[in-house]
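The structure appears right after this line, and notes come after that.
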There are 2 protein chains.
Amino acid sequence: MTFAEFQKHIRTSQKDFYRETLANHRDVIRVKKEGKVLVNLEKIFGATLKLSNQKGFAAMSMRDLSRETGLSMGALYSYFNSKDEILSMLQEQQRAFTKKFLEEAIEGEQAPRKKLGAAVRAHLYLSEVMQAWFYFSYMEAKNLPDAEKSSAVKSERFTERLFTDILESGRECGEFHQVDCRLTASCLKAMLQDWYLKRGKYASRGVTVERYAQFLLEMIESFVGRQSYENSG
Amino acid sequence: MTFAEFQKHIRTSQKDFYRETLANHRDVIRVKKEGKVLVNLEKIFGATLKLSNQKGFAAMSMRDLSRETGLSMGALYSYFNSKDEILSMLQEQQRAFTKKFLEEAIEGEQAPRKKLGAAVRAHLYLSEVMQAWFYFSYMEAKNLPDAEKSSAVKSERFTERLFTDILESGRECGEFHQVDCRLTASCLKAMLQDWYLKRGKYASRGVTVERYAQFLLEMIESFVGRQSYENSG
DNA sequence: GTCTATATACGGATAGAC
DNA sequence: GTCTATCCGTATATAGAC
């Protein structure tokens, strides 16, 4: 899947996730009309990501958020009970998103090499479209309440496990070299994360997401692969 | 240099940097006796790192800091003029530290392969000893005032440039393959950063800093090298 | 030099009008 | 549903005693 295809695919699903967020928090959201809620949730989430990524969630005041969204303090508080709840809602959406698209991306593929390519591309494309979200999630993870924090760690481990499994299956069927799969997956993940953590750097250097994907796959391939990598893209 | 050697080396230099911090801020530090200042600066910096890394610098209150250091609010404010100034002082020290030890580590080496090994090890060892500091610097970078932020970016670029230069010199003398050196250096840096950003993960898996260094060098070597990597100690 | 006590401002959250 | 006005806790920073 190319980035353009992926982008189109994801834009259409985005509304569904806001609907799900609404469903999960129907008890605290006091506004009745669904259309209204979806529009305002998107405003609130967008503004939260923007402001938090500039100066951190803790430093963002509710008055800042009010100004940025154009909603009054009172109006804001009819969508959640506390500032921290915004954090939880955002995290919840992000986790669902990531899980869905990563699993979807690899489910068609059988060969480890192809699976790896699909998973790496899916992760990069996803974090490209949702950059603000991924950045936020990474930077604010330690500020989450305990319950949320353990969910976040679980989600991290899920992603890493996914890559480890692909590498291990490749090793077992002889397609890949004998390497430490878990450590390799861990390093791969670090490089995937760098894409959304330092996006400004890559943008200013004119590195596209597809170029970065290709580069990562070449590097991993040179390390684990028995033959040169072919672009499955 | 092994990690044990490095650790010993660095501990002895640490005091010098507190002395330098004092010298740079003599005008705002109202306490006269040098010994007193050095002890308390270390307390303040240590506590700031501990508390900030738990819940973020913005969420750390001066009362928290007072409790943690055992100094009263009034006493604290005789070492700086504002909370933000603690941030600046920490950043300043960290930058000086990193620059010194990275340059020192590679200055003896000539061959690109050896230089790379020395630089990678130095960076990992440094971030191992100063983990709290590196973590803090990464996480709080965006909260710095503008002047400090540009210094931080400059320092980041310096480090990356150092690795890029090593890779390029290796390519020029035919020791390394034709690869995109800047992108390779960027990815290498991402993996180096992961070591201090996810230290808990690596600790719980029993990965030592020397093992991680060796692993990174093997991976980079398989990508850029024409021959297998030899452990340079 | 360090303490306690306090000035002053800003934060999150809510009540009640419209 | 959304607004304005306000409560009240907590934050940073400082004054002044010892």
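Just so it is clear, the model here is predicted, and its values are computed rather than measured. Lettering of chains follows the sequences in order, A, B, ..., and the numbering in each one begins at 1.
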Give the rounded distance in Å between these two atoms: CZ of A/Arg67 and P of D/dT4. 14 Å
Just the rounded figure in Å: distance from P of C/dT2 to NZ of B/Lys43. 9 Å
B/Tyr77 side chain near D/dA13 phosphate (N/O to OP1/OP2, under 4.0 Å): yes
Cut-off 3.5 Å, side chains only: do A/His9 and A/Glu104 have a donor facing an acceptor? yes
In whole Å, I'd like the distance from the CE atom of A/Met60 to the C1' atom of C/dG12. 11 Å
In terms of side-chain heavy atoms of A/Lys83, which of D/dC3, C/dA13, C/dC3 is nearest? C/dA13
Which whole-number value in Å describes the distance from B/Phe57 CZ to D/dA11 P? 14 Å
Let me know the distance between CG of A/Leu65 and P of C/dA13, rounded to the nearest Å. 12 Å
Whole Å only: how far is the CG atom of B/Leu76 from the C1' atom of C/dA5? 16 Å
Among C/dT14, D/dA11, C/dG1, the one nearest A/Met73 by side-chain distance: C/dT14
Side chains of B/Tyr202 and A/Ser186: any donor to acceptor distance under 3.5 Å? yes
What does B/Asn40 touch in the nucleic acid at a heavy-atom separation under 4.0 angstrom: a base, only the sugar-phosphate, or nothing? sugar-phosphate
Can you confirm whether the side chains of A/Glu85 and A/His25 place a donor and an acceptor under 3.5 Å from each other? no
A/Arg63 side chain: which of C/dT2, C/dG12, D/dA13 is closest? C/dG12
Between CD1 of A/Ile29 and P of D/dG1 the distance, given in whole Å, is 12 Å
Look at the side chain of A/Ser61 and decide which nucleotide, out of C/dG12, C/dT2, D/dC3, has an atom nearest to it. C/dG12
Using the ring-ring contact (aromatic ring centres under 6.0 Å, His included) definition, which of the options B/Phe45, B/Phe17, B/Tyr18 pairs with B/Phe97? B/Phe17
Counting side-chain heavy atoms from C-beta on, which of D/dC3, C/dG12, C/dG1 comes nearest to A/Met62? C/dG12
With a 4.0 Å cutoff (strictly under), does any side-chain N or O of A/Tyr79 reach OP1 or OP2 of D/dT2? yes
Figure out the CG/C1' separation between B/Leu71 and C/dG1, and round it to whole Å. 10 Å
Quick one about B/Gln193 and A/Lys198 (side-chain donor to acceptor, distance below 3.5 Å, no hydrogens or angles considered), yes or no? yes
Result for 5'-nearest mapping on DNA chain D, choosing between B/Asp84 and A/Val31, is A/Val31
Counting only side-chain heavy atoms from C-beta out, which of C/dA13, D/dC3, D/dG1 sits nearest to A/Lys32? D/dG1
